[in-house]
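First the structure, then my questions, so here it is.
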Amino acid sequence: MDRPAPPPYRRIVDEIRSRIDAAELAPGDRVPSTRRITQEWGVAMATATKVLTTLRQEGLVRAVPGVGTVVAEPPRAPRGEPPRGRRPRETDGGLNRERVVRAGIKAADAEGLRALSMRRVAAEFGVSSMALYRHVANKDELVLLMADAAFADVVLPDPAPDDWRGRMEAGARLQWQLYQRHPWLAQYLSVTRPQPMPHGMALIEWTMARVEGLDPLTLIHMAVTLLNHVRATAAGFEDDLEAEQETGMDQHQWMAAMEPAYESIIASGGYPMYTGIDGTEPNALTLETLFEFGLTHLLNGMGLLIERRAAQAT
């Protein structure tokens, strides 16, 4: 009599265990998140959560606050027993820099930038992490190349808006859409320590190309202020992705779980602003509404600056 097929969660557990046994995932490496499991194996979030729970119960992984679920250290082998073997050294399998960068983007899109490692990218090709170092110097260079490649994929509108406001708004929306496709990108960018990315700089130049009558330093301030509004708001995409991986709850489930605590706080009567929005639609305040609100009023303020400078010039 045929044995019944194992349940889906057990099959996934066994596959991840085999990756650990083959040293594709080493101690301390992030294992596939719940989001990644749902995408790779086509299962529900509840099944993905059960996979990670089972792996923890079997001592294969452990949860690290602020990092995620990682491979646990194996038990120390008795004296005289050789350690678990590693895979033999492999060739790079015909890799090139572009393929490595694209694999890095794919992994970061699915699991977040903190889960990215050279080993994780190498696993996409079935090679050792050492094979990647023939094409990129280290993880820092890889992520920089990934970010610039993401900006290079932006398709500029044709015809482009020819007025300053239309052009700045279009540039902001192109960035917003880019961060939605690549949730890790917004958090990677820095205003205080900007990274040298030609394609990213080209998009900012395009965004500001129709603002006239202002000195370059003022233009840079306007450009970075607009960039920072979009970037800082879009950082919530990565925050939400990581929170979902950690808790197994999407945003709506999280808010539903927190609702009793918020109701208790508001009931004290000391929060009239919050009381005033109680009962509004759940989507009345989202990252999208924050982006739109900030964009509109930033451009309104910049319009006053441009008009004032124009008046001074005449």
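Numbers here simply count residues along the sequence, with the first being 1.
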Exercise for review: Evaluate side chain to side chain contact (heavy atoms under 4.5 Å, CB included) for Leu156 paired with Leu203, printing each intermediate quantity in order.
Suggested key: CA-CA 9 Å; Leu156 299 175; Leu203 177 58; 3.9 Å; yes
Check your understanding: With no hydrogens and no angle check, is any side-chain donor or acceptor of Ser264 less than 3.5 Å from a backbone partner on Ala261?
Key -> no
Point to revise | Met146 CE to Lys139 NZ distance, which is reported to the nearest 0.5 Å | key: 9.0 Å
**Study point:** Straight-line distance of Leu178 CG to Leu185 CG, nearest 0.5 Å
**Key:** 5.0 Å
Check your understanding: Does the pair Glu111/Arg30 count as a salt bridge with the N-to-O cut at 4.0 Å?
Key -> no
Study note, to complete from the structure: Residue pairs meeting ring pair (Phe, Tyr, Trp, His ring centres under 6.0 Å), one or both in residues 292-314, sequence neighbours left out, come to Phe293-His297
Practice item. Measure the CZ-OG1 distance between Arg173 and Thr207 for me, rounded to the nearest 0.5 Å. Key: 12.5 Å
Practice item. Look at the side chain of Arg167 and the backbone N and O of Trp206, then say whether any donor-acceptor pair between them is shorter than 3.5 Å. Key: yes
Check your understanding: Distance only, no hydrogens: is a donor on one side chain within 3.5 Å (strictly under) of an acceptor on the other, for Glu288 and Trp176?
Key -> yes
Check your understanding: Angle class for the His229/Phe291 ring planes (parallel below 30°, perpendicular above 60°, tilted otherwise)?
Key -> parallel
Check your understanding: Salt-bridged, Arg97 to Glu141, with N to O below 4.0 Å?
Key -> yes
Check your understanding: Do Asp148 and Gln195 come close enough that some side-chain heavy atom pair is under 4.5 Å?
Key -> no
**Study point:** Check: Leu304 and Glu307 side chains under 4.5 Å, non-hydrogen atoms
**Key:** yes
**Study point:** Leu189 CG to Trp184 CH2 distance, which is reported to the nearest 0.5 Å
**Key:** 8.5 Å
**Study point:** Spacing of CG belonging to Leu287 relative to CD belonging to Glu292, to within rounding of 0.5 Å
**Key:** 12.0 Å
Study note, to complete from the structure: Note: Leu174 and Pro157 closest approach over all heavy atoms is CD1-CD, 3.9 Å
Check your understanding: In Å and rounded to the nearest 0.5 Å, what is the CE to CD1 distance from Met168 to Ile204?
Key -> 9.5 Å
**Study point:** Modelled atom types, side-chain donor and acceptor of Asn228 and Arg231, under 3.5 Å
**Key:** yes
**Study point:** Closest approach of Ile105 to Ala150 (non-hydrogen atoms, all atoms of both residues)
**Key:** CD1-N, 4.5 Å
Practice item. Measure from the side-chain N and O atoms of Thr49 to the backbone N and O of Met45, and report whether any donor-acceptor pair falls under 3.5 Å. Key: yes
Exercise for review: Please list, chain by chain and in numerical order, all residues satisfying ring pair (Phe, Tyr, Trp, His ring centres under 6.0 Å) with Tyr133, sequence neighbours excluded.
Suggested key: none
Point to revise | Backbone N/O of Val71 and side chain of Asp29: donor-acceptor pair under 3.5 Å | key: no
Exercise for review: Find out whether Leu116 and Leu113 are in side-chain contact, i.e. whether some heavy atom of one side chain is under 4.5 Å from a heavy atom of the other.
Suggested key: yes
Exercise for review: Check side-chain contact (heavy atoms from CB on, under 4.5 Å) between Ala235 and all other residues, then give those that pass, not counting sequence neighbours.
Suggested key: Gln187
Review point. When Val61 is tested against each of Ile16, Leu52, Leu55 for side chain to side chain contact (heavy atoms under 4.5 Å, CB included), which residue passes?
Key: Leu55
Exercise for review: State which residues pass side-chain contact (heavy atoms from CB on, under 4.5 Å) with Arg165; sequence neighbours excluded, sorted by chain then number.
Suggested key: Asp163, Thr296, Leu299, Asn300
Point to revise | Partner of Met302 under side chain to side chain contact (heavy atoms under 4.5 Å, CB included), chosen from Thr218, Val211, Thr225 | key: Thr225
Practice item. Identify whether Met201 and Met222 are in the same connected component of the hydrophobic contact network (ILVMFWY, side-chain heavy atoms under 4.5 Å). Key: no
Check your understanding: Do Arg210 and Asp162 come within less than 4.5 Å of each other through their side chains, counting heavy atoms only?
Key -> yes
Study note, to complete from the structure: Heavy atoms of Arg19 and Pro32 approach each other most closely as NH1-CG, 3.9 Å
Point to revise | Arg17/Asp21 salt bridge by N-O under 4.0 Å criterion | key: no
Practice item. Report the hydrophobic cluster partners of Val224, with the cluster defined as I, L, V, M, F, W, Y residues connected by side-chain heavy atoms closer than 4.5 angstrom, directly or transitively. Key: Val191, Ile220
Study note, to complete from the structure: For Met118 and Leu142 the tightest heavy-atom approach is SD-CD2, 3.9 Å
Point to revise | Sub-4.5 Å side-chain heavy-atom contact between Met130 and Arg134 | key: no
Review point. Quick check: are there more than 12 heavy atoms from other residues, nucleotides or ligands sitting under 6.0 Å from CD of Glu40?
Key: yes
Check your understanding: Has Gln312 got more than 12 heavy atoms of other residues, nucleotides or ligands less than 6.0 Å from its CD?
Key -> yes
**Study point:** Summary of side chain to side chain donor-acceptor pair (under 3.5 Å) pairs that have at least one residue in residues 151-161, sequence neighbours excluded
**Key:** Arg102-Asp153
Review point. Between Arg62 and Arg56, is a side chain to side chain contact (heavy atoms under 4.5 Å, CB included) present by the stated rule, with each step listed?
Key: CA-CA 6 Å; Arg62 62 189 179 91; Arg56 282 195 293 269; 5.9 Å; no
Check your understanding: Which heavy atom in Ala48 sits nearest to a heavy atom in Val43, and how many Å separate them?
Key -> N-CG2, 4.3 Å
Revision key, fill the gap. Tightest non-hydrogen contact, residues Leu144 and Pro196, listed as CD1-O, 3.9 Å
Practice item. Indicate yes or no for a side-chain donor-acceptor contact from Gln175 to the backbone of Leu226 under 3.5 Å, with no hydrogens or angles considered. Key: no
